[in-house]
Number of protein chains: 2
Amino acid sequence: MGVSLRDIALRAGVSVATVSNVVNGYRPVAAATKVRVQEAIDEMGYSPNLSARHLRRGRTGFIALAIPELNNPYFAELADVAIAEAARHGYTVLLDSTNGERERELEVVHGLRAQIVDGLIFSPAQLGPSDLSDRRDSVPLVLVGERIHDVAYDHISIDNIAASRVAVEHLASLGRRRIAFVGAQDSDRQPAGLRLQGYTEGVHAAGLTVDPRLVVRTPGFDRADGADGVAPLLRGSDPPDAVFAYNDLIAVGVMRKAYELGLRVPDDLAVVGFDDINEARFTTPSLTTIAPDKDVIGKLAVTALVSRLEGEDNVPREYEVPFRLVVRESTVGAALPEEEPGA
Amino acid sequence: MGVSLRDIALRAGVSVATVSNVVNGYRPVAAATKVRVQEAIDEMGYSPNLSARHLRRGRTGFIALAIPELNNPYFAELADVAIAEAARHGYTVLLDSTNGERERELEVVHGLRAQIVDGLIFSPAQLGPSDLSDRRDSVPLVLVGERIHDVAYDHISIDNIAASRVAVEHLASLGRRRIAFVGAQDSDRQPAGLRLQGYTEGVHAAGLTVDPRLVVRTPGFDRADGADGVAPLLRGSDPPDAVFAYNDLIAVGVMRKAYELGLRVPDDLAVVGFDDINEARFTTPSLTTIAPDKDVIGKLAVTALVSRLEGEDNVPREYEVPFRLVVRESTVGAALPEEEPGA
DNA sequence: AGGGCTATCAATAACGTTATAGATGCGCCT
DNA sequence: AGGCGCATCTATAACGTTATTGATAGCCCT
């Protein structure tokens, strides 16, 4: 193996304890010996064996970040923020993709990585409160992107219902009357259920009624799901004049399908997404969407977990992160200031 | 802490060594005791302490994957493949974002994670052969997405020059005469330099000459860089009739800027990208692009590293992964079969 | 001058695992 | 009967680190 504390100690003529103290600064070391040890370290190219350190310290400095999939830009962008923030706190992130599968999510929550991480940040796609209640507390858990009530964990969330309502009201305020929702799920699991509920509330608030034929369930949340899901609606008689999509990827698929069918966005079909992924600014037309503050979400998730790991406080907290409606061309057409403040 | 081997040993009335053998199957254990030990494990909920295991074994089962940034869908998609493939081999991936900064890349290559990973997969954006030659070999290294000659490491690459040439020849074959390249870099570092070279060769092969004003350098490789970079060209006199972009993100930015300026793609401006990110299939118009086989690249990178870690063979290998030109609407307009085989 | 305090360092016991060497019992062969 | 091999298991020494305890020397104070 490589150079160990013991090698440095021999070289510098001190004990391993002293070398350790020089490395960690845990206890004071005389300036002269500190220099001598440091020289030995530099000459021999020592760096501490992390496995040994982790074993001895009882903590690893790893935290797991479990997300549905990296292929979804929203989660990739979120992971990017979280990884950077974790590094600022001296932690290293282990990514786990659940593929949005219930089975994999259960594994993650019940300690798939329990023996190697100090804590877990989890963005659920399928799991509800009941799945979390029987968790034997292996490592501290922070929930993200999701409002799960009555569960004794920290969670970072936005108000999915309110945000969805704002999106639909925006469409209604533009005179749209047949507003579809694309991206519902078979189960009313979170958060798809919440956005559907917000959609319903928004439709009612606009004095309209929900036409069940305008609520489209999709197998997944990708662009192809949006395109395939909306196609029958657009081809059918009595098509919608607006779509609120579960997320931006589905919205992109919807716009793509509209384009293929010769429909103009927003003239024939207005589209609103959810997430404000980078891509949304550059689609043609650019995409009106709900923008959760990803930067805040990612940082908050990490800091909440870190303070849970390092603090003494033990009471679970809820953090509600604000969102904005970012109005772009897919609802109001071109020639408008790029962004305007929302709710 | 949690339950240890010792706890299980006491409960089952055997030695820790026997429990270890039951867990690892390293040495045979009598069926009866094996059952007894397994019961104790199940009852007490034991799982091995990985830090201790890593320390004792001298390997961690971690591999680092260093990429420029997760925000770039190409790398997110590649990481997704690599993570899954690594898991299949019993390895866990640690992601490191270099932001394409030379300094960070040097850190990665010279052992930032050396004390915790068994091996390293590195996708360079700035580093060249000379930066790698003075590497004191801490952990095995596999290079990805890049053809660096005369360096004693495995590398997985596609022929960037040939691919770029194919892209340009495709544009030329459609009658385009003023073909721009967007996404050149100040330094002729890899791989931007290679694609620029392929562009040059392609232009010459078509019997045209390279107009330096049509070669646009950009500060980065994102959508905004493409939009900002191409804007002066499109607004100027004697604009290009085609763009070959360094990557798909830049191509998307170019198409966006064309849209803003009222230019039609492909009629006024044909666009070819590079990477074939998922997004490219759903832009309006959809994006013609060079498609490296990401699936093969990601899997090959992992298997190459794993066989280097576990095999005895020690001779560095080159793997050249094929690419295809995927022709879509951004060069030939609508109503064409979605994909056709390329080079 | 002696006792106590501070500053500095050393010795060493863990942390939980795996690998090596050795112990035990049993059957079988000569 | 005695010894040998096999199957099974135990005892224990590492792996490299950190935290605890203890030792030593120098200094100040009464």
Side-chain angles (χ1 to χ4, degrees), chain A residues 1-38 40-41 44-62 90 111 113-118 138-139 310, chain B residues 1-38 40-41 44-62 90 111 113-118 138-139 310:
Chain A
M1 284 278 103
V3 184
S4 78
L5 273 189
R6 198 163 157 280
D7 300 322
I8 302 297
L10 288 176
R11 168 79 151 246
V14 295
S15 73
V16 289
T18 298
V19 180
S20 176
N21 283 329
V22 168
V23 172
N24 296 298
Y26 177 66
R27 303 198 63 170
V29 175
T33 59
K34 192 181 294 186
V35 167
R36 200 150 34 98
V37 169
Q38 191 57 54
I41 288 177
M44 304 187 70
Y46 166 81
S47 61
N49 180 310
L50 296 183
S51 296
R53 171 176 285 179
H54 296 163
L55 170 61
R56 177 60 234 231
R57 284 189 176 162
R59 342 177 278 105
T60 60
F62 289 128
R113 298 247 181 247
Q115 291 297 331
I116 196 62
V117 302
D118 297 336
S138 36
V139 297
E310 298 176 356
Chain B
M1 282 279 104
V3 184
S4 77
L5 273 189
R6 198 163 157 280
D7 300 322
I8 302 297
L10 288 175
R11 168 78 151 247
V14 295
S15 73
V16 289
T18 298
V19 180
S20 177
N21 283 329
V22 168
V23 172
N24 297 299
Y26 177 66
R27 304 201 62 169
V29 175
T33 58
K34 192 182 292 188
V35 168
R36 199 150 34 98
V37 169
Q38 191 57 53
I41 287 177
M44 304 187 71
Y46 167 80
S47 60
N49 181 309
L50 295 184
S51 296
R53 171 176 286 178
H54 295 165
L55 170 61
R56 178 59 233 232
R57 284 187 176 164
R59 341 177 281 106
T60 60
F62 289 127
R113 298 246 181 248
Q115 290 297 330
I116 196 63
V117 302
D118 297 336
S138 35
V139 298
E310 298 175 355

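From a predicted model like this one, the values you see are computed outputs, not experimental measurements.
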(request) State which of dC9(D), dT17(D), dA10(C) makes the closest approach to the side chain of Val29(B). (result)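 Nearest to the side-chain atoms of Val29(B), counting from C-beta on, is dC9(D).
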(request) Would you indicate which nucleotide in dT17(C), dT17(D), dT8(C) comes nearest to any side-chain atom of Arg53(B)? (result) dT17(C)
Roughly, in whole Å, what's the span from [atom1] in [X] to [atom2] in [N]?
X         : N       : atom1 : atom2 : result
His54(A)  : dT17(C) : NE2   : C1'   : 16 Å
Arg57(B)  : dC15(C) : CZ    : C1'   : 17 Å
Leu5(A)   : dT12(C) : CG    : P     : 17 Å
Arg6(B)   : dA13(C) : CZ    : P     : 16 Å
Ile8(A)   : dT18(D) : CD1   : P     : 13 Å
Gln115(B) : dG16(D) : CD    : P     : 10 Å
Arg59(B)  : dT17(C) : CZ    : C1'   : 14 Å
Asn49(B)  : dT17(D) : CG    : P     : 17 Å

(message) Keeping Thr60(A) on the side-chain end and His54(A) on the backbone end, is there a donor-acceptor pair under 3.5 Å?
(response)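 Between the backbone of His54(A) and the side chain of Thr60(A) there is no qualifying donor-acceptor contact (under 3.5 Å).
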(message) Keeping Asp118(A) on the side-chain end and Gly61(A) on the backbone end, is there a donor-acceptor pair under 3.5 Å?
(response) yes
Below 4.5 Å, heavy atoms only, C-beta onward: do [X] and [Y] meet side chain to side chain?
X         : Y        : answer
Arg53(A)  : Val23(A) : yes
Val3(B)   : Arg11(B) : no
Ile116(A) : Phe62(B) : yes

(message) Using a heavy-atom cut-off of 4.0 Å across all strands, would you classify Ala30(B) as base, sugar-phosphate, or nothing?
(response) sugar-phosphate
(request) Hey, which sits more toward the 5' end of DNA chain C by its nearest nucleotide, Leu50(B) or Tyr26(B)? (result)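 Here Leu50(B) is the residue nearer the 5' end.
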(request) Name the residue closer to the 5' end of DNA chain C, choosing between Ala17(B) and Gly13(A) according to the nucleotide with the nearest heavy atom. (result) Gly13(A)
(request) Identify, with sequence neighbours excluded, every residue that meets side-chain hydrogen bond (donor to acceptor under 3.5 Å, both in side chains) alongside Arg27(B). (result)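 Arg27(B): no side-chain hydrogen bond (donor to acceptor under 3.5 Å, both in side chains) contacts found.
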Should [X] be listed as having a side-chain N or O under 4.0 Å from OP1 or OP2 of [N]?
X        : N       : answer
Thr18(A) : dC9(C)  : no
Ser4(B)  : dG16(C) : no
Asn21(A) : dT18(D) : no
Thr33(B) : dC9(D)  : yes
Ser20(B) : dT18(C) : yes

(message) Please determine whether any donor N or O and acceptor N or O are separated by less than 3.5 Å between the side chain of Arg27(A) and the base of dA19(D).
(response)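 Checked by distance alone, the answer is no.
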(message) Quiz question: going by heavy-atom distance under 3.5 Å, is there a donor-acceptor pair between the base of dA14(D) and the side chain of Arg56(B)?
(response) yes
(message) Please compare Ala31(B) and Leu55(B) by the position of their nearest nucleotide in DNA chain D and report the one closer to 5'.
(response)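 Comparing both residues, the 5'-ward one is Ala31(B).
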